[in-house]
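What's counted below: heavy atoms across the whole structure, side chains too, no hydrogens, waters or symmetry copies. All chains are named by letter (A, B, ...) in the order of the sequence lines, taking the proteins before the strands, and each is independently numbered beginning at 1.
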Amino acid sequence: MRTAGSGMGIRRRLGEALAGAVRSIGVEGEMPDLELGRAKDPKLGDYASPAGRKLAQALRQSPDQIGERIAATIAVPESAAAVEAVAGYVNFRLTREWLQRLVAEVASGGETYGATDAGHGERVQVEFGSINPTGPMHIGHGRGVVLGDSMCRLLEFTGHGVQREYYVNDQNTQARRFGASVWARMHGQEPPEGGYTGAYVSELAEMAKRDLGDLDALPTEEAEAKVRQYAIAIMVERIRESVARLNVRYDEWFNESRLWQEGLPQLAIQRLRASGFLKERDGALWFGPALEEEDGLGEEVRSSKEDRVVIRSNGEPTYFASDLGYLLSRFERRHFERVVEVWAADHHGYVDRLKAAAAALGLNPERLVIILHQMVNLKEGKMSKRAGRFVPLDELVDRVGADAVRYFYLLRSPDTTIEFDLELALTQSNENPVFYAQYAHARLVNVEATAAERHPTLPDHADVSLLVQPWELDVARQLAFWPEVVEDATRLLEPHRIPYYVHDLATAVHRFYHAGNETTEYRVVVDDAALTRARLELCRAARHTLRKALDLIGVSAPERM
RNA sequence: GCCCCGCUAGCUCAGUGGAUAGAGCAUCUGUCUUCUAAACAGAGGGUCUGAGGUUCGAAUCCUCAGCGGGGCACCA
């Protein structure tokens with residue numbers, strides 16, 4: 001049989017068999033989506049497809065008949081499932097023998113179970129968490145960081161060449177305001193209008209005075225630039241430390257200023273100008289796909305709200321100019337085949353603009369994938385430093401722990417706005433659902449240790465046919481689902497599917513364990529060495545999968561709790 | 001005004017157009033002399049915001065409405 005480690009999940013293999021059967025009963029042309037998925041009710045089986053109902057019209061037969069014909073025709077791979085046609089559905093029930101074999105494969109395959117080469121080494125850059133390095137990360141930023149990092153883990157697990165990038169805005173307006181604020185504090189002045197006022201700014205000013213030495217010899221502009229670079233370097237380092245506490249690392253911290261050193265925004269502007277996407281108006285340089293057609297269309301089009309400034313009337317470029325160069329950097333200079341950006345929803349208005357820019361530059365906008373996640377709001381209202389409603393990410397990690405923080409964020413779909421209640425998060429941290437899963441893992445480790453103590457010599461080979469109890473097969477069944485969970489989470493870039501799976505697997509594990517609490521003969525470690533060995537095999541398989549699943553969401557798998 | 005997201009159990013949320021809509025928490029009832037009770041078994045709890053529409057079939061797709069959140073910069 002094909003190995004479990006190939007990553008080709010049973011759902012996919014059953015789907016192929018189903019499609020083959022549908023062909024052989026006379027369906028031609030484009031294959032409709034047969035919607036093979038998990039059966040609603042375990043009584044009906046493990047997987048189900050409404051194929052009979054789907055095809056009734058095309059084949060002019062009753063759904064029942066078609067279902068029966070498919071069931072009679074289908075060649076189920078590896079005898080993995082029993083097939084039954086019910087009410088126009090084709091139901092599949094994984095067989096005990098197949099589940100037993102799966103356990104053996106997963107136990108020996110370890111944490112590679114579910115891994116695939118589906119990505120064929122595709123070079124994917126994921127850019128996430130890139131806040132202006134002008135202040136500490138808060139709990140809203142944490143969501144994007146955890147989301148982006150987990151996507152990377154999923155992509156790596158499925159055969160993609162992943163690069164994690166943080167885009168450092170070190171020369172934009174905010175960066176300059178930040179630098180000017182530190183500069184002002186160094187000279188005993190208040191930060192300028194719209195500047196940064198936090199205590200950390202004064203602290204940075206003190207550090208700069210100490211570390212940068214005598215700046216007065218330099219021209220003011222040069223000195224201020226030095227201070228800005230210094231302050232931003234410190235903030236970047238702090239951000240690096242903050243995300244590291246969440247088990248997140250970056251491969252590249254890419255400075256915006258580097259783009260200009262490499263002449264990329266300049267090149268992009270040149271190219272867009274040549275192709276007619278740029279126009280001067282009111283002393284500024286504008287980008288707008290419609291501009292080339294504006295002549296004769298009047299003021300309405302000329303002042304189109306769709307346009308964006310690339311170079312301000314004062315000659316300074318906007319972030320958009322940098323982003324044009326950034327596109328070239330990633331797709332043309334660094335040859336990424338796909339770029340995934342993780343943004344908070346307040347940037348959604350920029351999505352179309354950036355995609356239009358990519359197209360205008362001659363790049364395929366479909367290779368630019370922008371994932372938006374909704375905001376994290378405090379229960380007390382919008383986060384605001386000035387109003388004192390600001391929860392630093394570090395504080396949350398201090399008080400709740402990295403694992404609980406990651407699990408908390410990833411348990412929600414990116415489309416859901418999070419109303420954050422810090423008090424509630426703290427009181428509930430002791431009953432955080434992450435512990436449920438971690439406890440299952442720790443239990444498995446413990447049970448395996450106990451087995452090793454009680455049975456110093458167990459056979460190398462496990463007779464998995466001894467795994468016959470329903471709660472044992474339920475664990476195996478959950479293992480069978482793992483590859484498809486990985487596949488869906490990666491394809492849709494939806495890491496939140498993983499913690500839900502983790503919960504289901506942990507439940508199966510806890511039940512399996514608990515059977516031994518109620519009846520001694522159902523324990524893993526029993527007098528019978530062969531039986532112990534078989535159940536140990538199940539423990540190993542579950543442990544590997546649980547550990548890997550937790551790893552994909554960046555959560556630790558403790559050995560004891 | 002326009003654009004995006006959400007509205008599902010008391011609360012927080014899952015839910016690829018398919019069968020009788022799920023989980024956690026909370027509430028209530030049971031289970032430790034344990035291979036770890038951070039666990040297990042069970043109960044109650046639903047007009048899937050509302051109204052139309054498409055479909056053999058809608059929580060899911062379309063239209064309209066309501067409520068909540070976010071955006072519509074020569075900030076990012």
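- Note that the CZ atom of A:Arg540 and the CZ atom of A:Arg535 stand 15.5 Å from one another [nearest 0.5 Å].
- Residue contacts for A:Ala48: at a heavy-atom cut-off of 4.0 Å it reaches a base atom on one of the strands shown.
- One interatomic measurement links the two molecules: CG of A:Asp352 to P of B:G71, which rounds to 17 Å at whole-angstrom precision.
- Between the CG atom of A:Leu36 and the C1' atom of B:U16 there is a distance of 11 Å, rounded to whole Å.
- In this structure, the separation between OH on A:Tyr350 and CH2 on A:Trp343 is 6.5 Å, given to the nearest 0.5 Å.
- Straight-line distance from the CD atom of A:Glu419 to the P atom of B:G6: 15 Å, rounded to whole Å.
- Comparing atom distances between the A:Tyr436 side chain and each of B:A19, B:A39, B:C5 picks out B:A39 as nearest.
- At a cut-off of 3.5 angstrom, counting only N and O atoms as typed in the model, there is no donor on one side facing an acceptor on the other between the side-chain of A:His348 and the base of B:C5.
- Checking the phosphate oxygens (OP1, OP2) of B:C56, a side-chain nitrogen or oxygen of A:Gln57 falls inside 4.0 Å.
- Remark: the separation of the P atoms in B:C32 and B:C13 is 37 Å, to the nearest Å.
- Distance CG (A:Asn377) to C1' (B:C5): 12 Å, rounded to an integer number of Å.
- Residue A:Gln374 places its side chain closer to B:G69 than to any other of B:G15, B:G69, B:C72.
- A:Glu431 places its CD atom 12 Å from the C1' atom of B:U12, with the value rounded to the nearest Å.
- A:Phe320 comes within contact range of no nucleotide atom at all, as no heavy-atom separation falls under 4.0 Å.
- As judged by a 4.0 angstrom heavy-atom cut-off over every strand, A:Thr417 is placed among residues touching the sugar-phosphate backbone only.
- For the atom pair CD of A:Glu316 and CG of A:Asn172, the computed distance is 11.0 Å after rounding to the nearest 0.5 Å.
- A salt bridge does not link A:Asp474 to A:Arg511: none of the charged side-chain nitrogens sits closer than 4.0 Å to a carboxylate oxygen.
- A:Asp488 comes within 4.0 angstrom of no nucleic acid atom, judged by non-hydrogen atoms across all strands.
- Residue A:Ile418 holds its CD1 atom at 9.0 Å from NE2 of A:His373, rounded to the nearest 0.5 Å.
- Remark: the separation of the C1' atoms in B:A21 and B:U31 is 30 Å, to the nearest Å.
- At a threshold of 4.0 angstrom between heavy atoms, the contacts of A:Ser413 are confined to the sugar-phosphate backbone, with no base atom among them.
- For the P atoms, the distance linking B:G46 with B:C4 amounts to 35 Å, nearest Å.
- Atom P of nucleotide B:G17 and atom CZ of A:Arg53 are separated by 17 Å, given to the nearest angstrom.
- Nucleic acid contact for A:Arg497: sugar-phosphate only, since backbone atoms but no base atoms lie under 4.0 Å from a heavy atom of the residue.
- With hydrogens and angles left out, the side chain of A:Thr416 and the base of B:C13 share no donor-acceptor pair within 3.5 Å.
- When the P atom of B:G24 is taken as reference, atom NE2 of A:His510 falls 12 Å away, rounded to whole Å.
- Contact annotation for A:Pro433: no contact, since no heavy-atom pair falls under 4.0 Å across all strands.
- When the nucleotides B:A39, B:C74, B:G70 are ranked by their closest atom to the side chain of A:Met375, B:G70 comes out on top.
- Residue A:Asn91 places a side-chain atom within donor-acceptor reach of the base of B:A19, judged by atom type and a 3.5 Å distance cut-off alone.
- Listed candidates were B:G6, B:U12, B:C74. Nearest to the side chain of A:Arg412 is B:U12.
- Atom CE in A:Met561 sits roughly 11 Å away from atom C1' in B:A39 (whole-Å rounding).
- Nearest nucleotide to the side chain of A:Asp346, out of B:G70, B:A38, B:U16: B:G70.
- Base engagement by A:His347 is indicated by at least one non-hydrogen atom pair under 4.0 Å involving a base atom.
- From A:Glu341, atom CD reaches atom CZ of A:Arg330 across 4.0 Å, with rounding to the nearest 0.5 Å.
- Looking at heavy-atom distances under 4.0 Å, A:Ala39 makes no contact with the nucleic acid at all.
- A:Leu550 and A:Val502 make their closest contact through CD2-CG1, 4.0 Å (heavy atoms, listed as atom of the first residue, atom of the second, distance).
- Taking CZ from A:Phe178 and CG from A:Asn132, the interatomic distance works out to 10.0 Å, rounded to the nearest 0.5 Å.
- Secondary-structure stems of RNA chain B, taken as three or more successive Watson-Crick or G-U wobble pairs (i with j, i+1 with j-1) under a 3.5 Å distance threshold, comprise B:1-7 with B:66-72, B:10-13 with B:22-25, B:27-31 with B:39-43, B:49-53 with B:61-65.
- For the P atom pair drawn from B:G15 and B:G22, the interatomic distance equals 15 Å after rounding to whole Å.
- Nearest-nucleotide positions on RNA chain B place A:Phe408 closer to the 5' end than the other of A:Val524 and A:Phe408.
- Heavy atoms of other residues, nucleotides or ligands lying less than 6.0 angstrom from CG of A:Asn314 number more than 12.
- Each of B:A14, B:C74, B:A19 was ranked by its minimum atom distance to the side chain of A:Tyr500; first place goes to B:A14.
- Atom name C1', nucleotides B:U60 and B:C72: the rounded distance is 29 Å, in whole Å.
- When the C1' atom is used for both B:G10 and B:C2, the distance is 37 Å, rounded to whole Å.
- Here, B:U55 and B:U8 have their C1' atoms 23 Å apart, quoted to the whole Å.
- Anti is the classification of B:C13, since its glycosidic angle lies more than 90° from 0.
- Between A:Asp170 and A:Arg228 the shortest heavy-atom distance is O-NE, 3.6 Å.
- Residue A:His503 places its side chain closer to B:A23 than to any other of B:A23, B:C72, B:G15.
- Going from the P atom of B:C25 to that of B:C48 covers 25 Å, rounded to whole Å.
- The 5' end of RNA chain B is approached more closely, in terms of each residue's nearest nucleotide, by A:Lys43 than by the other of A:Arg560 and A:Lys43.
- Here the nucleotide nearest the side chain of A:His514, chosen from B:C40, B:A19, B:A38, is B:C40.
- Side-chain contact check for A:Leu272 versus A:Phe287: some heavy-atom pair is nearer than 4.5 Å.
- Dashed line: the shortest gap from a side-chain N or O of A:Arg511 to OP1 or OP2 of B:A41 is under 4.0 Å.
- Here A:Leu44 lies in heavy-atom contact (under 4.0 Å) with a base.
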